Amino acid sequence: MHAATPNRVIEKVLVANRGEIALRIVRACRELGIATVAVYSDADRASLHVLHADEAYRLGPSSAAESYLRGDLLIDVALRSGADAIHPGYGFLSENAAFADACAEAGIIFIGPTGRAMRALGSKTHARQLADKAGVPRVPGSTKGLESVAEALVVAAGIGYPVMLKAAAGGGGKGMRMVTSESELLAAYATASSEAERAFGSGEVYLEKLIERPRHIEIQLIADEHGNCIYLGERECSVQRRHQKVIEEAPSAVVSGELRRRMGETAVRLALAAGYTNAGTVEFLVDEERNFYFLEMNTRLQVEHPVTEMVTGLDLVHLQLLVAEGRPLPLGQADVELRGHAIECRIYAEDPDNNFFPSPGRITRLIQPGGPGIREDCGVYEGWTVPLDYDPMLSKLVAYAPTRKAAIDRMLRALDEYVVGGIATNIQFFRRILLDEDFRAACIDTGFLDRLLAQGLPSSDAGAAAAEGEGLVEGVEGMGDAETVAALGAAVLELLRSESVAHPSTKNGAAPMPGAKGGDGWKLAARREGLRA
Ligand code: MV4
């Protein structure tokens with residue numbers, strides 16, 4: 001069965017995506033001598049991925065539905081440009097089984113799993129049945145869609161409250177609700193089912209036992225078409241807000257070598273049972289006793305893949321291209337070694353002082369961090385306008401160091417260097433997280449960020465700001481020539497940063513939250529510059 005697959009050569013790749021991930025894929029292709037074709041919507045005419053690709057084709061208007069989601073146009077452009085393969089990146093059509101099939105039918109290699117494998121894992125009830133067959137532990141509960149509220153009551157009584165009611169076609173937290181009693185279940189069942197019907201076109205819902213204070217830990221894997229599948233360690237993704245990851249790291253502080261091996265081998269079993277090929281990620285919930293439960297499988301290259309690349313020294317996109325050509329994986333499980341610690345911050349054009357409201361607009365100044373152990377996967381440049389049509393992620397900042405503490409401190413240093421003018425960003429918000437005692441002690445679960453935000457304001461950051469303010473007064477009094485120069489440098493930095501837009505909350509007369517970002521955060525960074533010399 002495997003031997004029948006002929007080797008295919010990929011000489012040109014169409015990148016069916018935009019922004020930083022499109023550029024990431026173009027870079028990998030360039031390194032391998034593979035030509036690249038970019039596609040763009042009207043909003044992305046001047047995007048970085050268009051600039052760096054060998055060729056570029058317009059898809060249509062700015063809306064995703066009329067551009068990056070037009071599978072027919074993408075296949076048409078691939079055929080016209082002579083591309084052998086399409087890399088979907090993440091989001092858009094990356095987990096669309098019909099699109100993967102359509103590529104195959106058009107004789108184009110889809111760089112990812114087959115449509116069939118995607119379907120086997122796409123429905124959460126199917127995936128849970130597959131997990132049972134493969135001996136993969138999953139959260140207790142039903143593996144079939146519930147037929148009636150009466151059945152729901154029986155199943156819930158069996159597993160015990162509290163339970164989670166989830167949509168089979170959902171995922172990433174969509175169509176999910178916690179139910180703590182029979183009377184609540186009576187009320188929730190019908191609404192959950194009709195909401196799922198409207199949102200996903202399927203009203204199928206099922207029940208799971210609620211796991212309290214879980215961590216979200218996922219296993220990266222890659223499989224070839226010859227039956228080889230290896231795991232590349234885990235990523236700790238518990239720092240999330242509204243089911244959007246904010247910080248990811250590798251390895252997880254709670255995963256021992258032994259637990260990693262058990263979770264990794266479990267993930268590989270599931271992938272092999274699904275006939276999975278290419279890169280994929282198996283998500284687990286890990287409870288306070290470090291039991292792990294399969295949650296769902298992501299059948300794409302994920303946003304946070306760089307932290308795995310840093311600690312394994314592997315290039316996941318290179319490996320994806322290799323196995324997409326039908327070649328065997330060039331390494332086995334024994335060749336995978338983890339080294340050091342990597343942390344990723346997702347830099348967004350959003351305003352933490354205004355409920356994380358998106359802040360599209362023109363980037364008037366961009367000074368990016370660098371130096372030892374810093375990697376930045378960025379899709380923007382100075383003078384470019386962040387469109388309002390897509391997810392406003394600007395960049396992924398990754399810090400790599402020998403230990404977790406050193407990686408956190410290196411990230412703080414890099415965030416200090418980062419200047420974005422013209423739009424609001426969440427850059428200073430990361431300081432609060434990285435300085436938080438619980439975060440530094442790796443006491444994080446999926447409720448961590450909500451708890452931090454509920455504190456309203458920073459114990460640690462406001463305290464640090466106050467302490468530094470006092471230090472500054474003494475510093476200024478004894479200022480010599482060297483200090484004057486240093487202070488001028490700090491002033492310039494502050495001036496650059498003041499190009500950042502005023503917050504809507506400030507315009508309304510409400511005081512910005514101290515220390516979180518904005519005024520105080522910027523000044524804190526500038527003061528630190530001044531004190532350093
Ligand atoms: C759960 C859970 C607790 N118990 N399932 C949210 C995203 C989706 N993939 C599954 N999610 C959860 N499922 C049971 N049985 C808690 C969550 C959850 C969560 C999971 C991962 C990351 C962040 C989360 C935030 C809130 C809830």
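In this text the structure is predicted, and so the values were computed from the model without any measurement. Order of listing sets the numbers, starting from 1, for every ligand and every atom in it.
For atom 12 (C) of ligand 1, the nearest non-hydrogen atom from the set Arg215, Met176, Arg138 comes from Met176. The option from Glu283, His243, Lys209, Arg242 that lies nearest to atom 15 (N) of ligand 1, judged by heavy atoms, is Lys209.
By the 4.0 Å heavy-atom criterion, Lys166 is counted among the residues contacting ligand 1.
Taking the six-membered ring for Trp and the full ring otherwise, Phe429 and Phe356 have centroids separated by under 6.0 Å.
Within the 4.5 Å cutoff, side-chain heavy atoms of Leu185 are placed close to those of Leu153.
Salt-bridge annotation for Glu296 and Arg128: absent, with no side-chain N of the basic residue lying under 4.0 Å from a carboxylate O of the acidic one. With respect to Arg346 and Glu304, a salt bridge is recorded, a charged nitrogen being found less than 4.0 Å from a carboxylate O. Of the charged side-chain nitrogens involved, at least one lies within less than 4.0 Å of a carboxylate oxygen, so that Lys166 and Glu208 count as a salt-bridged pair.
Among protein heavy atoms, the minimum distance from atom 7 (C) of ligand 1 is reached at Gly173 N, 3.3 Å. Among all non-hydrogen protein atoms, the one lying nearest atom 4 (N) of ligand 1 is Ile211 N, 2.9 Å. Here the protein heavy atom with the shortest distance to atom 19 (C) of ligand 1 is Thr446 CG2, 3.9 Å. Among protein heavy atoms, atom 2 (C) of ligand 1 sits closest to Met164 CE, 3.5 Å.
Both tests hold for Arg404 against Phe439: distance to the six-membered ring centre under 6.0 Å, angle to the ring axis within 45°.
By the criterion of a heavy-atom distance under 4.0 Å, the side chain of Val139, and not its backbone, is placed next to ligand 1.
At under 3.5 Å, not a single nitrogen or oxygen of His216, backbone or side chain, sits near a nitrogen or oxygen of ligand 1. Where the criterion is an N or O separation shorter than 3.5 Å, residue side chain and backbone included, Glu296 meets it with respect to ligand 1.
Counting atoms of ligand 1 from 1 in the listed order, those under 4.0 Å from a heavy atom of Gln240 are 22 (C), 23 (C). If you number the atoms of ligand 1 from 1 as listed, the ones under 4.0 Å from a heavy atom of Leu295 come out as 9 (N), 10 (C).
No donor-acceptor pair under 3.5 Å is formed between the side chain of His126 and the backbone N or O of Ser123. Judged by distance alone, the side chain of Ser193 and the main-chain N or O of Tyr189 form no donor-acceptor pair under 3.5 Å.
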